[in-house]
Novice: 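First the structure, which I've put down as structure tokens, then a few questions once you've had a look.
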Amino acid sequence: MSGTTAPPEPLAAPRRARASIALVFCVHGAVSGSFVTRIPWIQDRLDLSAGQLGLALVMPAIGSSLAMPLAGRFVHRYGGRAAVRGLLSLWCLALALPALAPSLPALCAALLVYGATAGTADVAMNAQGVEIEERLGRSIMSGLHGMWSAGGLLASPFGILAAHLELDARIQLAVTALILLVLAQPVCRGLPDIRAHEGAEEPPRFALPPRSSLVIGLVGFCAVFAEGASMDWSGVYLRDVTGASATVAAASYTAFSLTMAASRLAGDAAIRRLGAVRTTRVGGAVATAGGLLVVAADSPALAIPGFALIGVGIAVIVPLAFAAAGRIGTNPSQAIAGVATVTYTSGLIAPAVIGALAEATSLTVSFGLVTALACALLLSAGALRLAERNPGGGNVTAMSPEKPSGKDLSAI
């Protein structure tokens with residue numbers, strides 16, 4: 001990547017900045033974890049078929065894709081700290097909306113708003129994470145994504161308990177939203193006030209991915225499809241296919257989040273030891289084994305470990321895709337945005353595809369597709385060779401001393 005010889009400005013309080021952004025990821029994950037454990041309750045309350053639920057669950061990805069470019073403008077105009085605080089607060093409040101919906105159209109509208117706030121907050125906090133990582137001079141992004149999974153893991157037991165007690169999800173999610181909103185305020189105070197350099201233009205509304213990033217994006221596409229399908233459908237799968245109780249069905253997200261969190265927290269060390277390509281191939285093999293176990297399962301005792309293995313296998317692949325994109329061409333921000341567009345498209349279509357296949361055939365067949373995409377990671381892993389450690393032993397996600405400071409992160 002091109003740049004000047006001037007190193008980036010160091011963080012005034014690096015430990016505080018790293019701790020703050022880690023907790024931001026944790027809060028964001030807690031919102032998601034709180035919602036997914038109550039999806040079966042929402043389906044039962046509105047008497048939705050698998051196809052109708054799939055239609056509703058595609059709305060968050062649509063809202064996210066439409067709203068994400070706005071996050072760059074917020075970061076550009078107000079600075080990273082204020083943008084993260086405001087957008088994360090909106091995301092917390094949006095948690096209460098889906099359970100309040102009285103009908104399928106209202107649920108779709110609520111999930112559209114839910115997704116829009118999720119996507120904008122996600123972009124803003126990842127932009128902060130990238131800049132903090134570069135100023136620290138070492139990789140932290142895998143660990144940050146691990147904290148996101150940990151947030152979902154910490155929140156999911158409350159959803160499991162609420163399902164076990166047959167508590168109305170409207171009450172539970174509203175209370176949870178307020179608690180997370182309160183927690184988000186002090187968490188954001190330690191973030192550095194990163195701003196675009198003076199005179200920088202506002203980011204474009206849409207960044208076309210360079211051709212060289214398309215294959216990298218497809219690797220992320222496979223991983224995000226498997227992640228989205230497992231997060232949104234694991235509870236329904238356990239209940240409808242394996243006959244699990246509502247409590248056990250809600251617990252499926254806990255198993256998935258636990259393995260995702262552990263794998264991401266250990267991800268940086270694994271990548272340094274194995275390299276990006278080998279890590280992706282190993283992950284693809286593990287995720288494929290998990291998918292086969294889910295497809296073959298006739299009891300929760302087999303399906304839950306299967307979902308856990310899927311989580312292990314795909315945990316670090318998306319961060320690796322972004323790392324590889326950052327080494328393409330002279331505009332890494334555009335390449336990363338392009339790869340993000342491709343991968344988020346996977347999140348856009350995964351719930352609907354799973355629901356449509358389940359409606360036409362069965363949920364078992366739907367997760368056969370998830371297994372096939374996990375297997376595809378074995379064949380496409382070479383596309384992430386750019387994310388390998390450099391000859392000097394450094395990690396590509398760590399700061400290069402020649403990388404210029406003051407770049408406009410709002411385009412990421």
Side-chain angles (χ1 to χ4, degrees), residues 25-46 48 52-64 67 87-101 104 106-122 148-164 167-181 183-184 224 227-239 246-247 249-258 260-261 307 311 347-348 350-351 354-355:
F25 273 76
C26 188
V27 171
H28 194 285
V31 177
S32 182
S34 299
F35 167 67
V36 297
T37 57
R38 304 316 305 268
I39 289 176
W41 184 93
I42 294 172
Q43 182 184 23
D44 288 344
R45 177 174 178 259
L46 299 181
L48 303 178
Q52 289 173 322
L53 180 60
L55 173 64
L57 291 177
V58 81
M59 293 300 159
I62 292 176
S64 180
L87 295 171
L88 185 64
S89 297
L90 291 175
W91 165 232
C92 292
L93 291 173
L95 173 62
L97 297 179
L100 299 175
L104 177 60
L107 177 62
C108 289
L111 289 176
L112 196 70
V113 175
Y114 175 86
T117 57
T120 50
D122 186 86
W148 186 91
S149 296
L153 179 64
L154 291 172
S156 62
F158 296 98
I160 295 169
L161 179 61
H164 178 70
L167 180 65
D168 192 314
R170 290 170 292 189
I171 298 174
Q172 183 233 330
L173 293 183
V175 172
T176 303
L178 291 176
I179 292 173
L180 292 175
L181 174 65
L183 290 175
V224 171
E227 180 179 357
S230 299
M231 286 181 61
D232 288 348
W233 285 96
S234 58
V236 177
Y237 190 97
L238 282 166
R239 185 192 62 188
T247 304
S252 65
Y253 178 79
T254 301
F256 186 77
S257 293
L258 177 61
M260 287 281 286
F307 285 117
L348 175 66
I354 295 297

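Quick note: numbers below take in every heavy atom, side chains included, and nothing from hydrogens, waters or symmetry partners.
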Novice: Using a 4.5 Å cut-off on heavy atoms from C-beta on, say whether the side chain of Leu100 contacts that of Leu173.
Specialist: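 A side-chain contact is absent here, since even the closest heavy-atom pair is not under 4.5 Å.
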Novice: Ser32 side chain to Gly29 main-chain N or O, any donor-acceptor pair under 3.5 Å?
Specialist: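 Flag not set: sc Ser32 to bb Gly29 has no pair under 3.5 Å.
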Novice: Calculate, to the nearest 0.5 Å, the distance between atoms CG and CZ belonging to Asp168 and Arg45 respectively.
Specialist: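 Those atoms lie 7.0 Å apart.
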Novice: Could you walk me through whether Leu180 and Trp91 satisfy the side chain to side chain contact (heavy atoms under 4.5 Å, CB included) test, starting with their C-alpha distance in whole Å, then the side-chain angles of each, then the deciding distance to 0.1 Å, before giving a yes or no?
Specialist: CA-CA 10 Å; Leu180 292 175; Trp91 165 232; over 6 Å; no
Novice: Measuring from Ile171:CD1 to Thr176:OG1, what's the distance to the nearest 0.5 Å?
Specialist: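 That separation rounds to 11.5 Å.
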Novice: Under the salt bridge (charged side-chain N to carboxylate O under 4.0 Å, His left out) rule, what pairs show up with a residue in residues 33-44, not counting sequence neighbours?
Specialist: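 Qualifying pairs, neighbours excluded: Asp44-Arg239.
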Novice: Return the minimal non-hydrogen interatomic distance between Ala155 and Ala30, and the atom names on each side.
Specialist: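 Closest approach of Ala155 to Ala30, heavy atoms only: CB-O, 3.4 Å.
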Novice: Testing the basics here: between Ala150 and Ala261, what is the closest heavy-atom pair and its distance to 0.1 Å?
Specialist: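 Closest heavy-atom pair between Ala150 and Ala261: N-CB, 3.6 Å.
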Novice: Of the non-hydrogen atoms in Gly33 and Thr37, which two are nearest, and what is the gap between them?
Specialist: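 Looks like O-CG2, 3.4 Å.
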Novice: Please test Leu104 against Leu46 for side chain to side chain contact (heavy atoms under 4.5 Å, CB included), starting from the C-alpha separation and ending with a verdict.
Specialist: CA-CA 7 Å; Leu104 177 60; Leu46 299 181; 5.6 Å; no
Novice: Hey, mind stepping through Leu154 and Cys26 against side chain to side chain contact (heavy atoms under 4.5 Å, CB included) and telling me if it holds?
Specialist: CA-CA 9 Å; Leu154 291 172; Cys26 188; 4.2 Å; yes
Novice: Checking Leu57 against Ile354 for the side chain to side chain contact (heavy atoms under 4.5 Å, CB included) test, could you report, in this order, the C-alpha distance in whole Å, the side-chain angles of both residues, the deciding distance, and whether it holds?
Specialist: CA-CA 10 Å; Leu57 291 177; Ile354 295 297; over 6 Å; no
Novice: Looking only at heavy atoms, which two atoms of Gly311 and Met260 are closest? And how far apart?
Specialist: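 Gly311 and Met260 have their closest heavy atoms at O-SD, 3.0 Å.
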Novice: To the nearest 0.5 Å, how far apart are CG in Leu112 and OG in Ser64?
Specialist: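 Rounded to the nearest 0.5 Å, the CG-OG separation comes to 10.5 Å.
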Novice: To the nearest 0.5 Å, tell me how far Leu53 CG sits from Ile39 CD1.
Specialist: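 Interatomic distance, Leu53 CG to Ile39 CD1, rounded to 0.5 Å: 6.5 Å.
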Novice: Which atom pair, heavy atoms only, marks the closest approach of Ala163 to Ala246?
Specialist: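 The answer is CB-O, 4.4 Å.
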Novice: Got a second to check how far Leu181's CG is from Leu88's CG, nearest 0.5 Å?
Specialist: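 Here the rounded value is 8.5 Å.
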Novice: Which atoms form the tightest heavy-atom contact between Cys92 and Ala177, and what is the distance?
Specialist: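 So the minimum-distance heavy-atom pair works out to O-CB, 3.2 Å.
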Novice: Quick one: pull up OG1 in Thr117 and CG in Leu95 and give me the separation to the nearest 0.5 Å.
Specialist: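 Interatomic distance, Thr117 OG1 to Leu95 CG, rounded to 0.5 Å: 9.5 Å.
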Novice: Please enumerate all residues that pass ring pair (Phe, Tyr, Trp, His ring centres under 6.0 Å) together with Phe35, with sequence neighbours excluded.
Specialist: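 Checked Phe35 against ring pair (Phe, Tyr, Trp, His ring centres under 6.0 Å); matches are Tyr114.
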